[in-house]
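Below you'll find the structure, written out as structure tokens, and then a few comments.
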Amino acid sequence: MRKGLLTFATVGLLASGGTAACGDTLGGPDHGDSARTPKIGVILPDSKSSARWEGADRRFLEEAFQRAGVRYDIQNAQGDKSQFQTIAEQMITNGVTTLMIVNLDSGTGKAVLDKARSQGVATIDYDRLTVGGSALYYVSFDNEAVGRLQGEGLVRCLAAKGVRQPVVSYLNGSPTDNNASQLKSGYDSVLQPKFDAREYTKGPVDAVPDWDNAQAATIFEQQLTQTDGRIDGVIAANDGVANAVISVLKKNKLNGRVPVTGQDADPQGLQNVLAGDQCMTVYKAIREEAEAASDLAVAVARGRTKDTGQTVRDPQTGRDVPAVLLSPRAVYRDDISDVIAADFVTRAEVCSGGYAKLCADAGVR
Ligand code: BGC
């Protein structure tokens, strides 16, 4: 990450306000002034790899666009790369002024960004950097910091359980997601020194293709078999993967004894933390991410530039992409009330059914 200024005076704009597509959502005071109102297209990746996309990002993006008074169209590619491209093409045809994508992989992401650019549509990488891509801005969290919090969390939970010489396994995120590499750099920076000092033993390391939770369970089953059940701690790259690992630990009556990390602070992740089956999760204030992305999307649609004060280096091209990177926060059992207070999840979602008593015992407000 490097400091830098940005300008992109050459950003072309699609001739103001294309025809409004069916299902266009119009919000705010500019209603009726469609010729000059920016129209933001957003493509979310799927609704299975994490609860966040439909549970948090959609809601917070809608709120931000409505507050800004711009037209928007948010769609979900449901993990289908050709669908992703079709949606992008339709959005461009329907006159979006800014296209914001969460790529499914950098190859298809780049094709979409290049196409948009060639049509004079401004582009933003939302949450995932498109490696080799051409987005004008990147809005995300400091993903290496997320990984560090996971590594530190695992160390803390293993110490609390008094595990000596633990064997630690990894379930990394999707190999096609640049965030997964950044997360790994983060947790490696904490754990590799422990492996080197022979304080910890490195167990099996696997990546979870497309962050697929079902595959994650199979992968972890294999890791357990491979090690004769000798795994003492698990780095799981997000809450969905963590939940898959926990389901396998439950089958083997090992849940609660083997700490597992996560990220996203989704309701299920928070319940797993509450139950003591998950060591920690990481809260990322998606409302702030959505607001930052919305501000930039509106600015670029109006042909303006913004100095984000930060850049991220594209590992393939070496380009310094102007970026907004927000700070993540570790969440342990005692922090769950803060995530509720931030209106990220509701108390009812976390404290439902069998979790009501656990919430009361943990003083979750
Ligand atoms: C996001 C995570 C999410 C994962 C799976 C990553 O790129 O940063 O928040 O859990 O994708 O969707």
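Counting convention: from 1, in listed order, for ligands and their atoms alike.
Partners of Glu199 by salt bridge (charged side-chain N to carboxylate O under 4.0 Å, His left out), not counting sequence neighbours, listed by chain and number: Lys194. Applying the salt bridge (charged side-chain N to carboxylate O under 4.0 Å, His left out) test to Arg58 and every residue at least two apart in sequence or in another chain returns Glu54.
Under the side chain to side chain donor-acceptor pair (under 3.5 Å) criterion, the residue pairs touching residues 252-266 are Ser50-Asp264, Asn255-Asp277, Gln263-Lys284, with sequence neighbours excluded.
With a 6.0 Å cutoff to the six-membered ring centre and a 45° limit on the axis angle, Arg52 does not count as a cation-pi contact of Phe60.
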Between the protein and ligand 1, which nitrogen or oxygen pairs come in under 3.5 Å, and how far apart is each?
from, atom 1, to, atom 2, distance (Å)
ligand 1, 7 (O), Arg128, NE, 2.8
ligand 1, 7 (O), Asp177, OD2, 2.6
ligand 1, 7 (O), Asn179, ND2, 2.9
ligand 1, 8 (O), Asp127, OD2, 2.6
ligand 1, 8 (O), Asn179, ND2, 3.2
ligand 1, 8 (O), Lys284, NZ, 3.2
ligand 1, 9 (O), Arg52, NH1, 2.9
ligand 1, 9 (O), Asp264, OD1, 2.7
ligand 1, 9 (O), Lys284, NZ, 3.0
ligand 1, 10 (O), Asn238, ND2, 2.9
ligand 1, 10 (O), Asp264, OD2, 2.6
ligand 1, 11 (O), Arg128, NH2, 2.9
ligand 1, 12 (O), Ser49, OG, 2.6
ligand 1, 12 (O), Trp53, NE1, 2.9
ligand 1, 12 (O), Arg128, NH2, 3.1

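Residues Trp211 and Leu171 form no side-chain contact, since every pair of their non-hydrogen atoms from C-beta on lies 4.5 Å or further apart.
In summary, the side chains of Tyr138 and Ser140 do present a donor paired with an acceptor at a separation below 3.5 Å, with no hydrogens or angles considered.
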